[in-house]
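Only one structure is covered here, and it is reproduced in the block below.
Each ligand, and each atom within it, is numbered from 1 in the order the structure gives.
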Amino acid sequence: MKIKENFDLTGHNTFGIKVSSKYAAIIKNEDHLRAVIDTEIFKQSSRIILGGGSNVLFTKDFEGLTLMNEIKGVQVKEESENHVIVQVGAGENWHEFVLHAIQNGWGGIENLSLIPGSVGASPMQNIGAYGVEIKDVFYELEAMDLATGEIKYFDNQACAFGYRESVFKKALKDQYFITRVTYKLTKQNHKLNTSYGAIEQELAKNGVVANIENISKAVIAIRQSKLPDPAKIGNAGSFFKNPVVQTSQFEVLQKSFPNIVHYPVEGGEKLAAGWLIDQLGWKGKTFKNYGVHKNQALVLVNYGGAEGKQLFDLSGKIIDEVKKTYNVELEREVNIY
Ligand code: FAD
Ligand code: NAP
């Protein structure tokens with residue numbers, strides 16, 4: 001097993017931050033991973049598991065070992081009249097898998113089209129968009145315990161999925177390498193979700209019916225019109241999570257901010273973090289080569305050559321101002337290294 005030294009991570013994080021990792025190993029299968037675990041370098045280093053790098057912000061060079069996930073393969077495990085159970089290598093590209101599912105007529109993940117990154121990261125923060133989350137189609141995952149090299153299986157409950165959360169982002173962070181993820185998708189009677197306003201408008205604009213293919217196309221078109229393409233402008237999508245506040249706190253807030261954007265959820269009200277930030281005048285603010293995106297206040301951007309620390313400090317200023325104005329604690333969604 002070859003471990004590379006002084007590995008350039010610039011092309012491996014969608015923020016495009018120029019950083020390097022002291023060591024890096026490309027993992028193509030479970031045997032590779034076990035061989036790495038057995039090395040002295042692994043035993044003596046801290047580590048980062050990296051997929052597409054679309055949900056990370058590097059604030060400095062990494063002095064440890066980066067495990068680059070390239071485990072591939074798509075395998076149908078079980079099939080019935082209504083469902084397919086399909087296992088996917090964690091290093092497969094998420095959006096390519098979505099397109100593969102649609103081509104095969106498998107439903108359930110069309111609303112999650114065009115989310116960058118790997119299959120292996122999809123359970124990490126229970127990726128979600130347009131009213132659908134990975135937990136809705138999740139069957140199980142395989143992950144290697146990096147302390148022992150053993151493969152363990154996690155079902156939906158063991159993953160402890162929450163809003164942009166899972167056990168792998170909190171209690172088990174960096175302890176397990178997710179190697180394969182299995183999803184249960186529909187073959188007929190698809191449960192279509194067009195409840196997010198923009199999807200229905202897009203379908204109507206195109207004069208097409210709601211089906212998995214058209215929903216995917218609508219989501220792709222909406223995303224392309226609103227979100228910065230990381231290939232052109234460095235970013236990691238939403239930098240902050242939408243905060244959930246208790247109903248009593250929400251009622252107080254609504255008195256001061258009658259137009260506040262909110263959605264009822266279990267345990268209170270979800271506030272649109274983008275709205276909170278936008279109201280404070282951050283949208284489009286630019287500091288030389290980085291700033292807040294002009295169309296979406298949740299997205300921090302690197303126009304080229306910014307340092308991770310500058311973006312991290314900017315996020316801190318936004319968090320402080322949101323706290324001061326609304327008494328709401330914004331949490332970073334992006335993983336900081
Ligand atoms: P990485 O950035 O490589 O890793 C993210 C975290 O997961 C890191 O902590 C890493 O250590 C860990 N990790 C990665 N792979 C593994 C593994 N195999 N085993 C264990 N840990 C692992 N997210 C959404 O939820 N919804 C969206 O709609 C959405 N839209 C986005 C739009 C844009 C333009 C961008 C840039 C990002 C968006 N994101 C969105 C965020 C991001 O794409 C997702 O979180 C994605 O799942 C990250 O995948 P990745 O492979 O790039 O993960
Ligand atoms: P949007 O449609 O302008 O909506 C703004 C916010 O309001 C979103 O954050 C969304 O919450 C919430 N929202 C809208 N309609 C809702 C409904 N019917 N029920 C409950 N909540 C609703 O958002 P956008 O920025 O264009 O993003 C569209 C979707 O893509 C969202 O689901 C968003 O999460 C996802 N996205 C995620 C990332 C990321 O990096 N995490 C980046 C880009 C887009 P939710 O965020 O909870 O859905």
- request: May I ask you to decide whether Glu78 forms a salt bridge with Lys184, counting only side-chain N to carboxylate O separations under 4.0 Å?
  value: no

- request: Answer yes or no: is there an ion pair linking Lys152 with Glu142, defined by an N-O contact shorter than 4.0 Å?
  value: no

- request: Report the C-alpha distance between Lys187 and Glu79 in whole Å, list the side-chain angles of each, state the deciding distance to 0.1 Å, and finish with yes or no for salt bridge (charged side-chain N to carboxylate O under 4.0 Å, His left out).
  value: CA-CA 9 Å; Lys187 284 174 63 184; Glu79 211 167 348; 3.1 Å; yes

query: Is there a side-chain contact between Leu298 and Phe239, using heavy atoms and a 4.5 Å cut-off?
result: no

Please tell me whether [X] and [Y] have a donor and an acceptor in their side chains that are separated by less than 3.5 angstrom.
X: Ser54; Y: Thr14; result: no
X: Lys169; Y: Asn126; result: no
X: Glu333; Y: Ser238; result: no

Does some non-hydrogen atom of [X] fall short of 4.0 Å from ligand 1?
X: Tyr337; value: yes
X: Phe168; value: no
X: Lys173; value: yes
X: Arg223; value: yes

Does any N or O in the side chain of [X] come within less than 3.5 Å of the main-chain N or O of [Y], such that one atom is a donor and the other an acceptor?
X: Trp94; Y: Ser113; value: no
X: Asn104; Y: Trp106; value: no
X: Thr186; Y: Asn189; value: no
X: Thr39; Y: Phe42; value: yes

task: Determine, stepwise, if the pair Glu213 / Lys217 fulfils salt bridge (charged side-chain N to carboxylate O under 4.0 Å, His left out).
output: CA-CA 6 Å; Glu213 195 178 356; Lys217 282 186 182 153; 3.5 Å; yes

Which of the numbered atoms in ligand 2 are below 4.0 angstrom from a heavy atom of [X]?
X: Asn242; result: 8 (C), 9 (O), 11 (O), 45 (P), 46 (O), 47 (O)
X: Lys226; result: 1 (P), 3 (O), 24 (P), 26 (O)
X: Leu227; result: 43 (C)
X: Tyr163; result: 45 (P), 46 (O), 47 (O)
X: Gly237; result: 40 (O)

Going by the order shown, which atoms of ligand 1 are within less than 4.0 Å of some heavy atom of [X]?
X: Asn235; result: 34 (C), 36 (C)
X: Ala236; result: 35 (C), 36 (C), 37 (C)
X: Phe177; result: 19 (N)
X: Tyr176; result: 19 (N), 20 (C)
X: Asn69; result: 18 (N)

Write out the residue and atom name of the closest protein heavy atom to [atom], then the distance separating them to 0.1 Å.
atom: atom 10 (C) of ligand 2; result: Tyr196 OH, 3.7 Å
atom: atom 41 (N) of ligand 2; result: Glu333 OE2, 2.7 Å
atom: atom 25 (O) of ligand 2; result: Gln296 NE2, 2.5 Å
atom: atom 33 (C) of ligand 2; result: Arg164 NH2, 3.9 Å

- prompt: For Phe239, is the nearest heavy atom under 4.0 Å from an atom of ligand 2?
  reply: no

message: Can you tell me if Lys241 contacts ligand 2 (heavy atom of the residue under 4.0 Å from the ligand)?
response: no

task: Quick one: closest heavy-atom pair of Ala236 and Asn55, and the distance?
output: O-OD1, 4.1 Å

query: Does Lys135 make a cation-pi contact with Phe161 (under 6.0 Å, within 45 degrees of the axis)?
result: no

- request: Take atom 13 (N) of ligand 2 and look for protein heavy atoms under 4.0 Å from it; say yes if you find one, no if not.
  value: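 At least one protein heavy atom is under 4.0 Å away.
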
- prompt: Should Ile115 be counted as touching ligand 1, given the test is an N or O pair under 3.5 Å?
  reply: no

Option with minimal heavy-atom separation from [atom], where the choices are [options]:
atom: atom 26 (N) of ligand 1; options: Pro230, Ala129, Pro228, Gly128; result: Gly128
atom: atom 17 (C) of ligand 1; options: Ile49, Val334, Asn126, Ile134; result: Ile49
atom: atom 6 (C) of ligand 1; options: Asp174, Asn335, Asn55, Val219; result: Asn335

- line: So for Tyr130 against ligand 2, with non-hydrogen atoms under 4.0 Å, the contacting part is both

- request: With ring pair (Phe, Tyr, Trp, His ring centres under 6.0 Å) as the test, would you mind laying out the steps for Phe154 and Tyr176 before giving the verdict?
  value: CA-CA 11 Å; Phe154 292 76; Tyr176 283 87; 5.2 Å; yes

message: Applying a heavy-atom cut-off of 4.0 Å, say which part of Tyr130 lies close to ligand 1: side chain, backbone, both or neither.
response: neither

field: Aromatic ring proximity Tyr183/Phe97, centre distance under 6.0 Å
entry: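 Yes.
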
query: Does the N or O separation between Gln125 and ligand 2 drop below 3.5 Å for any pair?
result: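 Min N/O separation from ligand 2 is not below 3.5 Å for Gln125.
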
